[in-house]
Amino acid sequence: MARIGVFICHCGENISRTVDVVKAAEAAATFRGVVHSVEYKYMCSSPGQNLIKEAIKEKKLTGVVVAACSPKMHEPTFRRACHEAGLNPYFCEISNVREQCSWVHEDKTVGTAKTIDLIRLMVEKTRKNHELQHIKVPITKKALVIGAGIAGIQAALDIADGGQEVILVEKDPSIGGHMAQLSETVPTLDCSQCILTPKMVDASRHENITLYTWSEVIDVKGYMGNFEVTIRKNPRYVKEDVCTGCGLCYQKCPQKKIQGKFDAGVGLRRAIYVPSPQAVPNVPVIDKDHCTKLLKDRCGVCQKVCPTGAIDYEMKEEIITEKIGAIVVATGYDLIPNNFYGEYGQGKYADVIDGLQFERILSASGPTAGEIKRPSDGKIAESVVFIKCVGSRDPAKGIPYCSKICCMYAGKQAMLYKHKVHHGQAYVFYMDIRAGGKGYEEFIQKGIEEEGTTYIRGRVARIFKKGDKLIVRGMDTLSGQKIELAVDLVVLASAMIPNKGVKELYQKLSISYDTYGWVSESHPKLKPIETSVAGIYLAGACQAPKDIPDAVSQASGAASKVLALLSKDELEKEPLVATIDKNICAGCNMCVQACPYQAIELKPIKDRKGNVLRYASEVNHGLCAGCGVCVAVCPSKAPDLAGITEEQIYAEIVSLG
Amino acid sequence: MLDKLKQRIKELLTNKIVNCVIGYEQGDNPTLARPVYITKPNEAERLVYNEYCIPILAKYILKPEVRSLKLEAGKIGIIAKPSDVRALVGLIQEKQIIREDVYIIAVGRKEDFPKIYDEIIETPLSELDAKRKTQDAEQLKQIAEFEKKTPEEKRAFWQREFDKCIKCYACRQICPLCYCRVCIADKNQPQWIPPMPNSGGNFSWNMIRAYHLAGRCIDCGECERACPVDIPLMMLNKKIQQMIKEKFDYQAGLDPEVPPPLSTYQEDDKEKFII
């Protein structure tokens, strides 16, 4: 016979304000199988939990129903309490009388009646509970980090330092990401490459890190602790193990006028190239879209000059499969395309550039060696306009969010510009100045007060060319006057958007992303590093626009999550999984197609001689997330979900009469 | 036409392309044609094909006596009307039969068939099919009329219709896509559908039957034909077909390669609740 205890929480006043908890406890005491029914101010507090524990022991309870907040909040708390008192945790059920009752009702009579019903349901469910044991799954002790920008590098280094093996995959020829492109960083103005390159070198030399550059993750199967990842190593046409990085090949390559990704289009590179002198690995790659040898089978200069014979035009892509325990997604960001605002003339006028392009111009290792030469004619820019919120905070253009870093980098770029062109004039058009961050507000103030940057509050309506000047026409919304400036260079603080092709990757990983394509976190406050899939974590700007310190700290956070997971030998998985009754299953394949986790397979049913009689579905309990889609889709209800069985749902419905 | 059909079946059986052919033979009276399995070339003479050849033959392909046939001795042949071919598409989609195990001999007009048959014996539009087409049009009109009713009137209409149900399950037995090993109506732990032919139970059964065929019903009309108390079941089926067409641009029974929308998980599904 069931001996069930009902515990009703006041949740301070959250529940008791609209629910007569005393009356509910009295009513619950009369339900079939209930031998104990009490209410308490805070059930989740330690005295509250003790009430449950003591009752389990004294009244020999076989089931516990806690009427409180959402099971999302405290189900683990109460199940643990039951477990500590010697009761199988899956005999503890939560009746959600806060979110689903007291918070949505005003009338106390209604709230009380509904609470009594909700408790009755759970009592009926609990009567039909079964003892469940955790499912144990072995863990592969190896992590995968996708993307080797600063976030990916940091995550990989931290995991590797923690003693676990890491595979770091980067789709570009070198690691470093956008941070390697930057000149100096806010608010301390330390050189970006100088602080990044030691980490890049560490990542390439660390004994626990395997680096795959010029590579992409093309397939992901499996689940937390047991992923199987397929990586495609694109052909570099240069043998990594033979190349010494001498650089002869790219000095001699006759294809000189290619706008490269690293210099963001403001500098030119060859058809065989290393993105930057600090590239890791320092091995060139051949751009197959521009190399005349690969395109037309002419030239071959690089092969002739290479002293070690590292060039191999026949190189093919390589497919690598790896077993992985945990994944960190650090796929970064991109900027909006240059035709996003026609009225600003980006793409049409060479001297209207975006922030990343200006970073390259500022950079000492950039195409202008740090001189502020404008792209059109190489003239030193005597005046520069910086425009913030280009794309960002513009719902009409589909980007209502703030790109977060632009206020700081536009201020910094104006400052750096003044350091290089002392007599130059820098104007910043802004909507607001958002400088929340350690030392950030002081930095902006310094730019205005000490460096003489002119801040104009207002938006720019149009930019057009007149002679060799760019005319910037806009509005100063503080004075209410129209403004027209004739300048040499315009720098747009373009909105940040997710990197190209990431949605396809996220689909392969089965992680959710928002309408813009930023990775969704599992909980916006309490689980900002977890994705919607267990065992996959996120770091850096793939989640939303982020500056370097935020990306780095999140990367270390992701690394600690990975290390915590990989520190165990076995994974304990909730036993709330589906099982399919093969006697009932007709093998219609519907659940196989409907399962979001690819956890179901059709398996043959054979007679003694091994002849296949028919097919029936089988659930892989390691993959099953207990979502219940298979139960819903099956016409003959062959699947059943442990912990929420069909019988229990039926009993709940029937109990309502 | 019939001679040509018989001749072709004889050839197929003699050449061991097929092991058995599902077709029709003369029934007990001139207005009845009943399904028959032809396994020997000389038996092909028993075949008939006329306006009384109504029952859907695709249903018979799932019968144990057909399933136990040795496929090495040839495929399973089936003389198929358009609705039979649509049903076969559904069964292939749902992995109940393997396309290669079946040899489809379509009889009718080319344009009426999904293009998966093995061969076709072309005939002009039969009287039966013409009748079906006018019935279809009428039923669509009926649905449009029904749509004008208030929710209360709609409920009253179906309550009245379902009250006639005697729970004989003929609709289920004849349906080529009702092939579950254990029907939800026969499950008793828990008993979702009350077995008694009373008001509530009848409503559950008829609605659940229609829902289980949502996105799967291939519009053969057999359930309504089999119903001894004339419940307009096709009105329900057709309404759901219309909705599936409208929402997912999908029609069941046309292409076995297209995944059925209601039972296929997609990352970009319109409904976000799935994950």
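Labels below follow one simple rule: chain letters A, B, ... track the order of the sequence lines, proteins then strands, and each chain is numbered from 1.
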Contact part of [X] toward chain A, heavy-atom cut-off under 4.5 Å: side chain, backbone, both or neither?
X: Lys187(B); answer: side chain
X: Arg209(B); answer: neither
X: Leu262(B); answer: backbone

Toward chain B: residues of residues 634-642 of chain A with heavy atoms under 4.5 Å: Pro635(A), Ser636(A), Lys637(A)
Distance in Å, Cys20(B) SG paired with Ile76(B) CD1, rounded so as to fall on 0.5 Å steps: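 It comes to 7.0 Å.
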Heavy-atom side-chain contact between Ile327(A) and Phe227(A) under 4.5 Å: yes
Residue from Gln251(B), Lys238(B), Arg86(B) passing side chain to side chain donor-acceptor pair (under 3.5 Å) with Asp219(B): Lys238(B)
Worked verdict on Tyr650(A) versus Gln191(B) for side-chain hydrogen bond (donor to acceptor under 3.5 Å, both in side chains): CA-CA 9 Å; Tyr650(A) 189 78; Gln191(B) 183 108 46; over 6 Å; no
Sort [X] into side chain, backbone, both or neither according to what part of it lies under 4.5 angstrom from a heavy atom of chain B.
X: Cys585(A); result: backbone
X: Leu602(A); result: side chain
X: Asp581(A); result: neither

Contact winner vs chain B - Glu647(A), Lys503(A), Arg614(A), heavy-atom pairs under 4.5 Å: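 Most pairs with chain B among the choices: Arg614(A).
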Leading residue by heavy atom contact count with chain B [cutoff under 4.5 Å; candidates Ala586(A), Cys588(A), Ala632(A)]: Cys588(A)
Tyr223(A) ring center within less than 6.0 Å of Tyr597(A) ring center: no
Distance flag, aromatic centroids of Trp518(A) and Tyr401(A), threshold under 6.0 Å: yes
Distance-only side-chain donor-acceptor flag, Glu601(A) / Ser617(A), under 3.5 Å: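 Per modelled atom types, Glu601(A) and Ser617(A) side chains form no pair under 3.5 Å.
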Side chains of Glu93(A) and Asn129(A), donor plus acceptor under 3.5 Å: yes
Option that, when pairs with chain A are counted at under 4.5 Å, heavy atom only, ranks first among Arg181(B), Arg67(B), Lys95(B): Arg181(B)
Chain A contacts, top residue of Gln93(B), Gln96(B), Gln189(B) (heavy-atom pairs, under 4.5 Å): Gln96(B)
Arg155(B) charged N/C atom sitting above Phe203(B) aromatic ring, 6.0 Å / 45°: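 Yes.
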Quiz item: cation-pi between Lys63(B) and Tyr60(B), 6.0 Å / 45°: yes
Distance-minimising heavy-atom pair for Met196(B) and Lys167(B): O-NZ, 3.1 Å
